Participant: 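Quick one: structure below, then a few questions.
As the structure is a computational prediction, the values presented were derived from the model and not from experiment. Values below: all heavy atoms of this structure, side chains included; hydrogens, waters and symmetry mates excluded.
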Amino acid sequence: QVQLVESGGGLVQAGGSLNLYCQGSGLTFSNYTMGWFREVPGTNREFVAAISWHGTVTRYARSEKGRFAISRDNAKNTVYLQMNSLKPEDTAVYYCAAGSRSTVILDTTNIYYWGQGTQVTVSS
């Protein structure tokens with residue numbers, strides 16, 4: 001049974017930082033591009049960042065580039081999202097995702113596995 005378990009969410013003031021973690025089990029972690037998405041109730045789940053299976057290629061949504069950093073450790077089956085200079089509009093449930101190894105262009109249609117999500121709230 002494949003599981004992606006996120007942690008690290010919480011409440012932070014605007015301008016602060018949070019680190020999210022996602023640990024996978026039940027899958028060969030290095031076979032997947034890993035990514036982060038986020039969702040606000042009433043809106044579509046949107047792409048945040050992705051990292052190639054070997055960790056050398058990353059991709060970010062435009063609004064996150066320069067503020068967020070994605071990384072992975074295949075030996076620990078873990079993907080990370082470092083979030084800096086957080087804004088109230090970053091408030092959302094953040095989901096870890098495992099997608100096709102052949103691309104870092106992830107969207108909700110090419111995800112094989114999802115985590116359960118972790119809440120991030122940024123206060124103004």
Participant: Given W114 and R45, is the side chain to side chain contact (heavy atoms under 4.5 Å, CB included) satisfied, shown in steps?
Facilitator: CA-CA 12 Å; W114 293 99; R45 190 169 296 187; 3.3 Å; yes

Participant: Any idea which heavy atoms bring L81 and A49 closest together, and the distance?
Facilitator: CD1-CB, 4.2 Å

Participant: Just by modelled atom types, is the V122 backbone N or O under 3.5 Å from a matching donor or acceptor in the T91 side chain?
Facilitator: yes

Participant: What is the minimum heavy-atom distance between G117 and V93, and which atoms define it?
Facilitator: CA-CG1, 3.8 Å

Participant: Taking all atoms of both residues into account, what is the closest heavy-atom pair of N31 and R101, and its distance?
Facilitator: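 Residues N31 and R101, closest heavy atoms: O-CB, 2.9 Å.
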
Participant: So, does Y60 use its side chain to make a donor-acceptor pair with the main chain of I70 at under 3.5 Å?
Facilitator: yes

Participant: When you measure from the side chain of N19 to the backbone of G8, do you find a donor-acceptor pair of N or O atoms at a distance under 3.5 Å?
Facilitator: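 No, N19 side chain to G8 backbone: no donor-acceptor pair under 3.5 Å.
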
Participant: Sub-3.5 Å donor-acceptor pair from the side chain of R72 to the main-chain atoms of F29, do we have one?
Facilitator: yes

Participant: Minimum heavy-atom separation for C22 and L4, please, with both atom names.
Facilitator: SG-CB, 3.9 Å

Participant: I'd like to check F47 versus I105 (side-chain heavy atoms, cut-off strictly below 4.5 Å). Are they in contact?
Facilitator: no

Participant: Please evaluate residues D90 and F68 with respect to the criterion side chain to side chain contact (heavy atoms under 4.5 Å, CB included), reporting the C-alpha separation (whole Å), side-chain torsions for both, the decisive distance (0.1 Å), and the verdict.
Facilitator: CA-CA 11 Å; D90 294 318; F68 292 5; 4.0 Å; yes

Participant: Give the minimum heavy-atom separation between I111 and F37, together with the two atoms involved.
Facilitator: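 Minimum heavy-atom contact is CD1-CE1, 3.9 Å.
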
Participant: Can V2 be reached from Y32 by stepping across I, L, V, M, F, W or Y side chains whose heavy atoms are under 4.5 Å apart?
Facilitator: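 Per the 4.5 Å side-chain linkage, Y32 and V2 are co-clustered.
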
Participant: Do L18 and V48 sit in one hydrophobic cluster, given that two such residues count as connected whenever their side-chain heavy atoms are within less than 4.5 Å of each other, even indirectly?
Facilitator: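 Shared cluster, yes.
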
Participant: Which atom names give the shortest non-hydrogen contact between T33 and T103, and what distance separates them?
Facilitator: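 So the two residues come closest at OG1-O, 2.8 Å.
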
Participant: Can you tell which of E46, E89, E6 makes a salt bridge (charged side-chain N to carboxylate O under 4.0 Å, His left out) with R38?
Facilitator: E46

Participant: Does the Q82 side chain pair with the main chain of A69, one donor and one acceptor, at a distance under 3.5 Å?
Facilitator: no

